[in-house]
Amino acid sequence: MSENDRKIEPIFCADDDWQANACLNWVHDPIEIFAIGYKEAGDKLVEYVIDKSRDQDILVYPILFLYRQYIELRLKEIIREGRKLLEEGSTFPKHHKILDLWNTAKTLAIKAFENESEPLDLIHAEHVIVEFSKIDPDSFSFRYPESKEGVNLLKDITHINIRRAAKHINELAEELESISMGISVY
């Protein structure tokens with residue numbers, strides 16, 4: 001295809017193949033579908049790597065970035081909805097510090113469920129988030145090959161098992177979605 005054969009046309013718009021048209025701005029509060037979309041995309045890439053037994057060395061970065069983005073958005077949603085429930089406002093932090101977000105979300109969840117007969121079991125959720133925080137505290141490690149200061153944030157890691165990571169993320173997702181659902185029910 002020569003340069004003259006390329007079509008100059010709008011890119012971010014609908015087209016005749018309606019099955020491929022994605023609808024945007026159809027929900028009042030999109031944080032939920034953003035979170036679900038990141039996790040679903042990560043799951044699809046993991047499925048591809050496992051089914052094909054290939055590309056794990058290059059897809060590990062987008063997979064873990066997508067999963068981390070899911071966690072961050074889900075925590076922000078829990079914070080916002082937890083604050084609404086507890087009448088503490090309706091905002092969430094605008095930073096990307098996953099451990100700080102977890103600590104805030106955890107505190108709100110414990111308060112929200114304090115009258116339940118069984119206390120929340122947050123041991124696994126905390127473990128996964130602390131593990132992520134160790135290697136990607138600010139959402140840069142899987143997004144860029146180095147930090148703003150020129151440091152390879154993953155230099156001490158030689159292998160990551162994608163299946164294991166996905167298993168823990170999916171278990172964490174169940175835990176976070178239970179908290180989110182419980183807050184919305186209250």
Side-chain angles (χ1 to χ4, degrees), residues 22 24 27 29-52 54-83 91-110 120-181 183:
L24 282 68
V27 295
D29 179 19
I31 197 166
E32 175 82 9
I33 60 172
F34 269 67
I36 291 169
Y38 283 113
K39 184 180 171 303
E40 184 74 19
D43 288 345
K44 297 282 186 203
L45 288 174
V46 168
E47 186 179 304
Y48 170 83
V49 166
I50 291 169
D51 285 350
K52 303 292 184 190
R54 58 181 289 190
D55 296 329
Q56 58 273 33
D57 296 346
I58 58 172
L59 293 177
V60 64
Y61 304 105
I63 288 168
L64 292 174
F65 172 75
L66 291 164
Y67 281 153
R68 193 206 180 281
Q69 189 67 9
Y70 161 77
I71 295 167
E72 180 178 327
L73 289 174
R74 181 59 74 195
L75 291 174
K76 287 180 176 182
E77 183 259 341
I78 289 169
I79 291 167
R80 187 190 63 201
E81 297 306 308
R83 285 179 173 165
T91 61
F92 57 83
K94 303 299 183 203
H95 62 73
H96 304 286
K97 296 179 184 316
I98 198 168
L99 193 55
D100 290 350
L101 294 170
W102 167 245
N103 288 328
T104 303
K106 177 175 65 172
T107 299
L108 291 165
I110 289 168
L120 283 176
D121 179 4
L122 302 173
I123 294 169
H124 179 263
E126 178 134 357
H127 168 71
V128 175
I129 292 168
V130 166
E131 287 288 300
F132 245 108
S133 178
K134 287 178 187 174
I135 62 172
D136 196 4
D138 297 309
S139 190
F140 287 100
S141 300
F142 297 107
R143 196 164 28 153
Y144 303 109
E146 56 187 37
S147 70
K148 291 177 184 178
E149 296 76 30
V151 175
N152 174 355
L153 299 169
L154 301 172
K155 69 182 179 322
D156 297 328
I157 301 174
T158 59
H159 293 83
I160 294 174
N161 185 284
I162 292 171
R163 185 190 319 265
R164 177 185 298 230
K167 173 186 158 292
H168 283 284
I169 295 302
N170 280 290
E171 290 169 359
L172 172 65
E174 287 179 21
E175 295 162 333
L176 295 179
E177 288 167 20
S178 289
I179 292 169
S180 176
M181 178 64 75
I183 288 173

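Everything quoted here is computed from the prediction, not taken from an experiment. Heavy atoms only: backbone and side chains are in, while hydrogens, waters and symmetry mates are out.
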What is the distance from atom [atom1] of [X] to atom [atom2] of [Y], rounded to the nearest 0.5 Å?
{"X": "Leu64", "Y": "Ile169", "atom1": "CG", "atom2": "CD1", "result": "7.5 Å"}
{"X": "Asp138", "Y": "Asp100", "atom1": "CG", "atom2": "CG", "result": "9.0 Å"}
{"X": "Asp136", "Y": "Gln69", "atom1": "CG", "atom2": "CD", "result": "10.0 Å"}
{"X": "Leu73", "Y": "Tyr38", "atom1": "CG", "atom2": "OH", "result": "6.5 Å"}
{"X": "Ile129", "Y": "Asn103", "atom1": "CD1", "atom2": "CG", "result": "9.0 Å"}
{"X": "Lys44", "Y": "Asp51", "atom1": "NZ", "atom2": "CG", "result": "10.5 Å"}

Identify the two heavy atoms, one from [X] and one from [Y], that lie closest to each other, and give their separation to 0.1 Å.
{"X": "Leu45", "Y": "Pro62", "answer": "CD1-CB, 4.2 Å"}
{"X": "Arg163", "Y": "Ile50", "answer": "NH1-CG2, 3.6 Å"}
{"X": "Leu120", "Y": "Ile110", "answer": "CD1-N, 4.1 Å"}
{"X": "Leu66", "Y": "Gly42", "answer": "CD1-N, 3.7 Å"}
{"X": "Leu154", "Y": "Asn152", "answer": "N-OD1, 2.8 Å"}
{"X": "Ala166", "Y": "Tyr67", "answer": "CB-OH, 3.7 Å"}

*Hey, mind stepping through Glu81 and Leu108 against side chain to side chain contact (heavy atoms under 4.5 Å, CB included) and telling me if it holds?*
CA-CA 9 Å; Glu81 297 306 308; Leu108 291 165; over 6 Å; no

Apply salt bridge (Lys or Arg N to Asp or Glu O under 4.0 Å) to [X] and list each qualifying residue two or more places apart in sequence or on a separate chain.
{"X": "Glu146", "value": "none"}
{"X": "Glu126", "value": "Lys106"}
{"X": "Arg83", "value": "none"}
{"X": "Glu72", "value": "Arg68, Lys76"}

*Which residues share a side chain to side chain contact (heavy atoms under 4.5 Å, CB included) with Lys167, sequence neighbours left out*: Glu171

*By side chain to side chain donor-acceptor pair (under 3.5 Å), which residues pair with Glu174, not counting sequence neighbours?*
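Partners of Glu174 by the side chain to side chain donor-acceptor pair (under 3.5 Å) criterion come out as none, since no residue qualifies.
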
Less than 4.5 Å apart, any side-chain heavy atom of [X] and any of [Y]?
{"X": "His96", "Y": "Phe140", "answer": "no"}
{"X": "Asn170", "Y": "Lys39", "answer": "yes"}
{"X": "Ile160", "Y": "Phe142", "answer": "yes"}

*With side chain to side chain contact (heavy atoms under 4.5 Å, CB included) as the test, would you mind laying out the steps for Asp29 and Arg80 before giving the verdict?*
CA-CA 12 Å; Asp29 179 19; Arg80 187 190 63 201; 2.2 Å; yes

*For the residue pair His127 and His168, categorise the inter-ring angle as parallel (less than 30°), tilted (30 to 60°) or perpendicular (more than 60°).*
perpendicular

*In plain terms, say whether Lys134 and Glu131 are close enough for a salt bridge, that is, a side-chain N and a carboxylate O under 4.0 Å apart.*
yes

_For Arg74, is there an ion pair with Glu77 - N to carboxylate O distance below 4.0 angstrom?_
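Salt bridge between Glu77 and Arg74, a charged N being under 4.0 Å from a carboxylate O: yes.
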
*Short question: side chain of Ser141, backbone of Leu153 - any donor-acceptor pair under 3.5 Å?*
no

_What verdict does the side chain to side chain contact (heavy atoms under 4.5 Å, CB included) test give for Trp102 and Leu122, after you've listed the backbone C-alpha separation in whole Å, the side-chain angles of each residue and the deciding distance to 0.1 Å?_
CA-CA 11 Å; Trp102 167 245; Leu122 302 173; 4.1 Å; yes

_Quick one, His95 with Leu101, criterion side chain to side chain contact (heavy atoms under 4.5 Å, CB included). Give me CA distance, side-chain angles, the key distance, then yes/no._
CA-CA 9 Å; His95 62 73; Leu101 294 170; 3.8 Å; yes

